[in-house]
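Here the structure is laid out as structure tokens; the discussion comes afterwards.
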Amino acid sequence: MTHYPGNLFVVAAPSGAGKSSLVKALMQLDSRVQPSISHTTREPRGQEKHGREYFFVSAQDFQSLIEENAFLEWASVHDHLYGTSKKTIQERIAQGGDVILEIDFQGAVQIKKLFDNAVLIFILPPSLEELKARLERRGEDTAAVIEVRLQNAEKEMKQSKAFDFVIINEMFETALFDLKTIVHSQRLKFEAQRRARSDIFSALQIP
Ligand code: 5GP
């Protein structure tokens, strides 16, 4: 499962680093990048809809999916289970599409083992103080939950070593530019260009 026509981008970050906003903004600018919709056992929040942000399933259904081998990877994150569906990703990248996964670092490491040319991107906040301030501003979590998230963040950020790229999300627009640059540079790689522009390569007699 190492070679496929599409690109697989995997973005991880501690909670509050701005991962979802960056990925959402990228997808608005670039329709070739499609998200993968994960399954989760957590409850929907706010305006979230089944089949849009996630497939919200019971713990029992999640377990059945594990047994059916339906996930490329799955992990327990903040006491809930999350898994990446095998079928949608394989179909899309086999057709030459680009897929972006927004998952935690444990999942990202698993994906790299399965797809060695997956591109792993870690998003860091500029400081722990700023991360705390962002979590507080978001107003979604209690002080106790924020404390746990910050402790987890310190552990998670140490895992950024295993990633191919690091984006420091200090200024949103700069971080978005960085993300676009990573995506674009993957598409300029020799193999990607040869696949995408096979007419030109044949005309130029490049094998
Ligand atoms: P949230 O509940 O805030 O949407 O997500 C919590 C964490 O789980 C985030 O870091 C998110 O990226 C991660 N996550 C979402 N889907 C998956 C998945 O399919 N696999 C893994 N390993 N992590 C996921």
Side-chain angles (χ1 to χ4, degrees), residues 8-27 33-59 61-66 68-93 99-115 118-125 131-132 134-142 144-160 162-163 165-167 169 175 179:
L8 185 55
F9 300 100
V10 186
V11 185
S15 179
K19 171 176 64 166
S20 302
S21 313
L22 281 169
V23 170
K24 209 181 266 174
L26 173 76
M27 288 189 304
V33 182
Q34 298 279 310
S36 147
I37 300 163
S38 296
H39 287 70
T40 181
T41 58
R42 83 151 161 78
E43 294 292 317
R45 280 195 299 248
Q47 303 295 308
E48 287 179 338
K49 264 175 62 182
H50 182 77
R52 191 176 63 190
E53 283 78 10
Y54 285 106
F55 294 108
F56 297 97
V57 296
S58 65
D61 288 347
F62 197 96
Q63 192 54 42
S64 308
L65 289 165
I66 296 176
E68 289 161 24
N69 208 11
F71 294 129
L72 279 175
E73 64 75 36
W74 64 272
S76 169
V77 188
H78 307 312
D79 294 335
H80 293 290
L81 300 176
Y82 295 83
T84 306
S85 151
K86 204 180 261 183
K87 193 166 169 279
T88 33
I89 295 194
Q90 284 181 343
E91 281 174 4
R92 189 160 166 84
I93 56 177
V99 177
I100 192 157
L101 304 183
E102 210 190 307
I103 60 179
D104 87 312
F105 74 90
Q106 308 168 76
V109 172
Q110 293 304 312
I111 293 287
K112 189 79 176 185
K113 284 186 191 151
L114 295 171
F115 298 93
V119 181
L120 266 51
I121 306 163
F122 203 97
I123 300 179
L124 289 175
L131 187 66
K132 183 163 186 246
R134 287 183 192 170
L135 287 170
E136 285 169 353
R137 273 202 299 275
R138 196 157 83 171
E140 268 175 12
D141 307 301
T142 60
V145 170
I146 291 181
E147 200 41 52
V148 173
R149 295 206 164 203
L150 284 171
Q151 281 169 16
N152 288 339
E154 289 193 50
K155 285 186 220 138
E156 289 162 25
M157 290 188 294
K158 295 200 169 65
Q159 310 299 322
S160 58
F163 283 60
F165 293 97
V166 174
I167 295 176
N169 186 11
L179 185 57

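All ligand and atom numbering here is 1-based and tracks the order in the structure. Here the structure is a predicted model, which means the values were calculated and not measured.
Note on ligand 1: Q110 sits outside its first shell, no heavy atom being nearer than 4.0 Å. Not a single heavy atom of Q106 sits under 4.0 Å from any atom of ligand 1. Residue contact check for ligand 1: W74 places no non-hydrogen atom closer than 4.0 Å to it. For the pair R45 and ligand 1, a heavy-atom separation below 4.0 Å is found.
Using modelled atom types, one side-chain atom of K86 and one backbone atom of N69 make a donor-acceptor pair closer than 3.5 Å. Counting only distance, with no hydrogens or angles, the side chain of K87 and the backbone of A70 share no donor-acceptor pair below 3.5 Å. At least one donor-acceptor pair under 3.5 Å links the side chain of T41 to the backbone N or O of L81.
Checking S85, S38, A13 against atom 19 (O) of ligand 1, the nearest heavy atom belongs to S38.
Y54 OH, 3.3 Å is the protein heavy atom nearest to atom 15 (C) of ligand 1. With respect to atom 2 (O) of ligand 1, the closest heavy atom belonging to the protein is Y82 OH, 2.4 Å. Summary of contacts: the protein heavy atom closest to atom 22 (N) of ligand 1 is D104 OD1, 2.6 Å. Atom 20 (N) of ligand 1 has as its closest protein heavy atom E73 OE2, 2.7 Å.
Under 4.0 Å from ligand 1, the heavy atoms of R42 that appear belong solely to its side chain.
Within ligand 1, the atoms closer than 4.0 Å to a non-hydrogen atom of G107 are 22 (N), numbered from 1 in the order shown. The ligand atoms of ligand 1 that sit less than 4.0 angstrom from a heavy atom of A75 are 22 (N). For ligand 1, the atoms lying closer than 4.0 Å to a non-hydrogen atom of V77 are 7 (C), 8 (O). Against a heavy-atom cut-off of under 4.0 Å, T84 is close to the following atoms of ligand 1: 18 (C), 19 (O), 20 (N). Residue-ligand proximity, G83 to ligand 1, at heavy-atom distances under 4.0 Å covers atoms 18 (C), 19 (O). Close contacts of ligand 1 with K19, meaning ligand atoms under 4.0 Å from a residue heavy atom, involve 9 (C), 10 (O), 11 (C), 12 (O).
No option in F56, Y54, F55 other than F55 meets the ring-ring contact (aromatic ring centres under 6.0 Å, His included) test with H39.
Taken from CD1 in I123 to CG in L22, the straight-line distance is 4.5 Å, to the nearest 0.5 Å. Rounding to the nearest 0.5 Å places CD of E147 at 10.5 Å from CG of L135.
Residues F71 and F62 bring their aromatic ring centres within 6.0 Å.
Side-chain contact between I111 and I103: present, with at least one pair of heavy atoms (C-beta onward) separated by less than 4.5 Å. Looking only at side-chain heavy atoms (C-beta outward), F122 and M157 come within less than 4.5 Å of each other.
Remark: K158 does not engage E154 in a salt bridge, criterion side-chain N to carboxylate O under 4.0 Å.
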